[in-house]
Amino acid sequence: VNAEDRKKERGKIMAATIAELFIKRWVEENLPGAKVEMKGRYASVTDSNGDSIEVLYEPRERRIICVDCNADNILYIP
């Protein structure tokens, strides 16, 4: 069993930064199985259809913002 499988088995999200943790938590709750590629506070999220969005972790308010969407599509972490 590799490290990635162990993380999934335990149901824990492994992250190197707070931004990564918040983004991965949001993805897990809203788009299970989507792929996340981190770039600092930004991430590219790709679903099983190959569709993708760019999101940003905004640290002051601890929220995820959809960067390539209009203002009505702000994504908040509960």
Side-chain angles (χ1 to χ4, degrees):
V1 178
N2 66 32
E4 190 67 29
D5 291 335
R6 283 194 300 273
K7 287 189 290 189
K8 289 178 184 176
E9 286 173 9
R10 287 188 240 138
K12 294 182 180 177
I13 298 171
M14 300 300 288
T17 65
I18 292 171
E20 184 177 4
L21 175 65
F22 272 66
I23 290 171
K24 285 184 173 182
R25 183 184 299 160
W26 181 86
V27 169
E28 186 176 276
E29 292 173 2
N30 294 280
L31 295 166
K35 180 181 172 187
V36 177
E37 280 186 52
M38 294 298 301
K39 302 167 200 144
R41 287 188 179 138
Y42 289 86
S44 176
V45 180
T46 306
D47 68 12
S48 60
N49 292 331
D51 298 325
S52 63
I53 59 172
E54 298 287 321
V55 296
L56 164 70
Y57 170 68
E58 199 283 296
R60 287 189 184 139
E61 302 209 17
R62 293 188 176 183
R63 65 182 179 171
I64 304 300
I65 300 171
C66 186
V67 177
D68 65 356
C69 303
N70 61 40
D72 293 335
N73 291 330
I74 296 175
L75 312 171
Y76 293 94
I77 292 184

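Note that the coordinates shown come from a computational prediction; the quantities given were computed from them, not determined experimentally.
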Subject >> Nearest heavy atoms of Gly40 and Ala19, plus distance in Å >> reply: O-CB, 4.4 Å

**OP:** State whether Lys39 and Glu37 are salt-bridged, where the test is any N-O pair (Lys NZ or Arg NE/NH1/NH2 against Asp/Glu carboxylate O) under 4.0 Å.
**Re:** no

Original post:
Which distance, rounded to the nearest 0.5 Å, do you find between the NZ of Lys35 and the OG of Ser52?
Top reply: 10.5 Å

**OP:** Kindly say whether Asn49 contributes a backbone atom to a donor-acceptor pair with the side chain of Asp47 at under 3.5 angstrom?
**Re:** yes

Original post:
Which pair of non-hydrogen atoms, one from Leu21 and one from Ala15, has the smallest distance, and what is that distance?
Top reply: N-CB, 3.5 Å

Original post:
Looking only at atom types and distance, does a side-chain atom of Glu28 sit under 3.5 Å from a main-chain N or O of Lys24, one as donor and one as acceptor?
Top reply: no

Original post:
Under the criterion side chain to side chain contact (heavy atoms under 4.5 Å, CB included), which of Glu20, Met38, Arg62 is the partner of Tyr57?
Top reply: Arg62

Original post:
Does the side chain of Pro59 come within less than 4.5 Å of Arg41's, by heavy atoms?
Top reply: yes

Original post:
Hey, what do you get for CD1 (Ile23) to CG (Leu56), rounding to the nearest 0.5 Å?
Top reply: 7.0 Å

**OP:** Might you point out which heavy atoms bring Val67 and Val55 nearest each other, and give the distance in Å?
**Re:** CG2-C, 3.9 Å

Subject >> Side-chain heavy atoms of Asp51 within contact of Thr46, under 4.5 Å >> reply: no

Subject >> Atom of Ala43, atom of Val36 and distance for their closest heavy-atom approach >> reply: CB-CG1, 4.0 Å

Original post:
What distance separates Ile13 CD1 from Phe22 CZ, expressed to the nearest 0.5 Å?
Top reply: 10.5 Å

